[in-house]
Visitor: 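Dumping the structure here so I can ask a few things about it.
The structure displayed is predicted, hence computed values, not measured ones. Below, all heavy atoms of this structure are taken into account, side chains as well, without hydrogens, waters or symmetry copies.
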Amino acid sequence: MAHQAHAYHMVDPSPWPLTGAIGALLMTSGLAVWFHFHSMTLIASGLVLLILTMIQWWRDIIREGTFQGHHTQPVQVGLRHGMVLFITSEVFFFLGFFWAFYHSSLAPTPELGGFWPPPGTTTLDPFEVPLLNTAVLLASGVTVTWAHHSIMEGERKQAIQALALTILLGFYFTALQAMEYYEAPFTIADGTYGSTFFVATGFHGLHVIIGSTFLMICLLRQMKHHFTLEHHFGFEAAAWYWHFVDVVWLFLYVSIYWWGS
């Protein structure tokens with residue numbers, strides 16, 4: 001690296017993409033085994049391997065970007081483009097769920113009784129827990145923006161407080177959604193309505209958990225003085241992801257909870 005004549009980062013060979021892929025394979029196949037045979041051994045093994053991979057891979061990236069100086073300006077531009085493309089892929093991921101929902105609800109088939117929601121389905125009141133969850137996520141969008149501005153202005157303590165508050169709001173959202181699922185009058189097995197509802201809102205809930213984890217790592221890094229006024233893309237990526245999760249929830253709330261009920 002002492003003779004490198006360019007500003008780009010040539011990444012060293014790493015085992016973590018392979019171990020991460022194996023962990024993801026074990027988790028997805030373990031999920032099928034859990035559903036059909038009620039055994040959680042495979043999914044637990046995959047989860048442990050995935051967590052270990054995350055810890056070590058993120059450790060390596062933090063070393064490269066924060067301490068070894070590999071994340072130069074051109075590298076940061078590439079990372080930004082990568083994050084934008086990743087969020088774009090997530091948009092299309094959720095687009096499939098919205099497509100399934102509107103395909104079923106706008107022209108209900110005779111098998112669904114010809115109208116939506118299908119006969120016998122007791123829907124959730126959109127003005128109870130779903131509305132509270134909407135307020136919680138919108139508030140978390142404000143606090144994560146507060147954290148971003150605090151980092152850019154060098155207000156370290158404010159950034160830590162705002163990040164901690166955002167994470168607490170994310171956990172609160174997850175707890176409310178878990179309670180809503182537990183008390184829901186229908187299940188994922190209740191026809192088209194149940195499957196579209198739980199798949200769409202469930203994957204959004206998973207993204208909230210992922211985003212909360214992302215922000216927790218940023219909070220630890222902020223406490224360890226990793227972010228500077230000019231060099232804090234790790235946090236920016238987390239903030240972009242969190243805003244994306246907020247926007248998806250607004251579409252979910254309006255489409256599935258309010259209009260769809």
Side-chain angles (χ1 to χ4, degrees), residues 23-24 27-28 30-31 34-35 40 43-44 46-48 50-51 53-55 58 86-87 90-91 93-94 97-98 101 123-148 160-188 194-223 234-235 237-258 260-261:
M27 277 195 70
T28 50
L31 197 63
W34 179 35
F35 284 170
M40 295 190 67
I43 192 173
L47 183 61
V48 169
L50 206 59
I51 290 171
T53 299
M54 285 157 52
I55 291 169
W58 294 347
F86 169 67
I87 291 175
E90 292 278 60
V91 168
F93 177 75
F94 278 100
F97 301 141
F98 283 108
F101 175 79
T123 60
L124 298 168
D125 188 343
F127 300 107
E128 291 183 354
V129 174
L131 184 60
L132 174 58
N133 262 344
T134 303
V136 168
L137 269 192
L138 289 175
S140 73
V142 173
T143 55
V144 81
T145 303
W146 172 27
H148 192 188
I160 291 172
Q161 290 169 358
L163 262 173
L165 190 54
T166 307
I167 294 163
L168 284 174
L169 288 168
F171 286 155
Y172 184 42
F173 176 93
T174 303
L176 286 171
Q177 191 170 41
M179 182 193 74
E180 179 183 78
Y181 279 10
Y182 183 76
E183 297 180 352
F186 54 90
T187 70
I188 195 171
S195 60
T196 52
F197 175 87
F198 279 104
V199 169
T201 59
F203 269 111
H204 176 269
L206 177 64
H207 282 68
V208 171
I209 294 170
I210 293 168
S212 300
T213 307
F214 205 166
L215 290 169
M216 280 194 294
I217 300 301
C218 289
L219 176 59
L220 289 173
R221 294 191 65 193
Q222 175 66 8
M223 292 169 71
F235 172 80
W240 293 355
Y241 189 82
W242 197 254
H243 287 308
F244 161 74
V245 169
D246 283 356
V247 171
V248 169
W249 174 258
L250 291 176
F251 280 101
L252 280 173
Y253 177 75
V254 171
S255 302
I256 295 179
Y257 284 100
W258 181 55
S261 66

Visitor: Once side-chain contact (heavy atoms from CB on, under 4.5 Å) is applied, do any residues pair with S255, and if so which ones, sequence neighbours excluded?
Guide: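 Per chain and number, S255 pairs via side-chain contact (heavy atoms from CB on, under 4.5 Å) with F98, F101, Y102.
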Visitor: Closest approach of F235 and C218, non-hydrogen atoms and distance?
Guide: CA-SG, 3.7 Å
Visitor: Which pairs with one or both residues in residues 194-206 pass side chain to side chain donor-acceptor pair (under 3.5 Å), sequence neighbours excluded?
Guide: Y181-T201
Visitor: Grab the two heavy atoms, one from A24 and one from L50, that are nearest each other, plus how far apart they are.
Guide: N-CD1, 3.9 Å
Visitor: Show every donor-acceptor pair shorter than 3.5 Å between a side-chain atom in residues 240-251 and any protein atom, with sequence neighbours excluded, or say none if there are none.
Guide:
unit_1 : atom_1 : unit_2 : atom_2 : d
W242   : NE1    : S140   : OG     : 2.8
W249   : NE1    : T134   : OG1    : 2.9

Visitor: Mark yes when over 12 heavy atoms from residues, nucleotides or ligands other than W146 sit less than 6.0 Å from its CH2; otherwise mark no.
Guide: yes
Visitor: Taking side-chain contact (heavy atoms from CB on, under 4.5 Å) as the test, write out the residues that go with L176, two or more places apart.
Guide: V129, L132, N133, V136, Y172, M179
Visitor: Hey, can you pull the donor-acceptor pairs under 3.5 Å for the side chains in residues 160-171, sequence neighbours left out?
Guide:
unit_1 : atom_1 : unit_2 : atom_2 : d
T166   : OG1    : T143   : OG1    : 2.7
T166   : OG1    : V144   : N      : 3.3
T166   : OG1    : A162   : O      : 2.8

Visitor: Verify side-chain contact (heavy atoms from CB on, under 4.5 Å) between L47 and I43, making sure each step is shown before the conclusion.
Guide: CA-CA 6 Å; L47 183 61; I43 192 173; 5.7 Å; no
Visitor: Considering non-hydrogen atoms only, spot the tightest contact between F198 and T187 and give its length.
Guide: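 What the structure gives for the nearest pair is CE1-C, 3.5 Å.
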Visitor: Side-chain atoms of residues 207-216: list all donor-acceptor pairs with protein atoms under 3.5 Å, sequence neighbours left out, distances to 0.1 Å.
Guide:
unit_1 : atom_1 : unit_2 : atom_2 : d
H207   : ND1    : F203   : O      : 2.6
H207   : NE2    : E90    : OE1    : 3.3
H207   : NE2    : E90    : OE2    : 2.7
S212   : OG     : V208   : O      : 2.8
T213   : OG1    : I209   : O      : 2.9

Visitor: Among all residues two or more places apart in sequence or in another chain, which pass the side-chain contact (heavy atoms from CB on, under 4.5 Å) test with F127?
Guide: D125, L131, Y253, W258
Visitor: Please name the pair of heavy atoms, one in P130 and one in E180, separated by the smallest distance, quoted to 0.1 Å.
Guide: CG-OE2, 3.4 Å
Visitor: Can you list the residues that meet the side-chain hydrogen bond (donor to acceptor under 3.5 Å, both in side chains) rule with Q177, with sequence neighbours excluded?
Guide: none
